[in-house]
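To keep things clear, I will list the structure first and then write my remarks on it.
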Amino acid sequence: MSESLQIHLTSRQCELLQRGLRFVRSSRMLEFRDSSDMTDEERKQELAEIRELQNMIEAGVNTGRTARV
């Protein structure tokens, strides 16, 4: 996640995006995986990236700044 994109979101848009990210995170955590799919480390990394994005959006909402995604 080294690239950044600056977008302007309304409070409602941020709320919808956060809700969607929570859904995606829950879905990925509960997803049935074959042993040949992604490794545990890759899965942890993906979940960490989702959480980081949630935190960035939340920080932007709380400070009134534009969320950097």
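The residues of the chain are indexed from 1 along the displayed sequence.
- Rounding to the nearest 0.5 Å gives a distance of 7.0 Å between CD of Gln45 and CD of Glu41.
- Here Glu52 contributes atom CD and Ile57 contributes atom CD1; the two are 11.0 Å apart, rounded to the nearest 0.5 Å.
- If you take CZ on Arg51 and CZ on Arg22, they are separated by 9.0 Å, rounding to the nearest 0.5 Å.
- No option in Glu58, Gln13, Gln54 other than Glu58 meets the side chain to side chain contact (heavy atoms under 4.5 Å, CB included) test with Gln18.
- Counting heavy atoms from C-beta on, the side chains of Arg12 and Glu15 come closer than 4.5 Å.
- With rounding to the nearest 0.5 Å, the separation of CG in Leu53 from CG in Leu17 is 6.5 Å.
- When all heavy atoms are compared, the tightest approach of Leu21 to Ile50 is O-CG2, 3.8 Å.
- Across Arg43 and Arg28, no two heavy atoms sit closer than the pair NH2-O, 3.0 Å.
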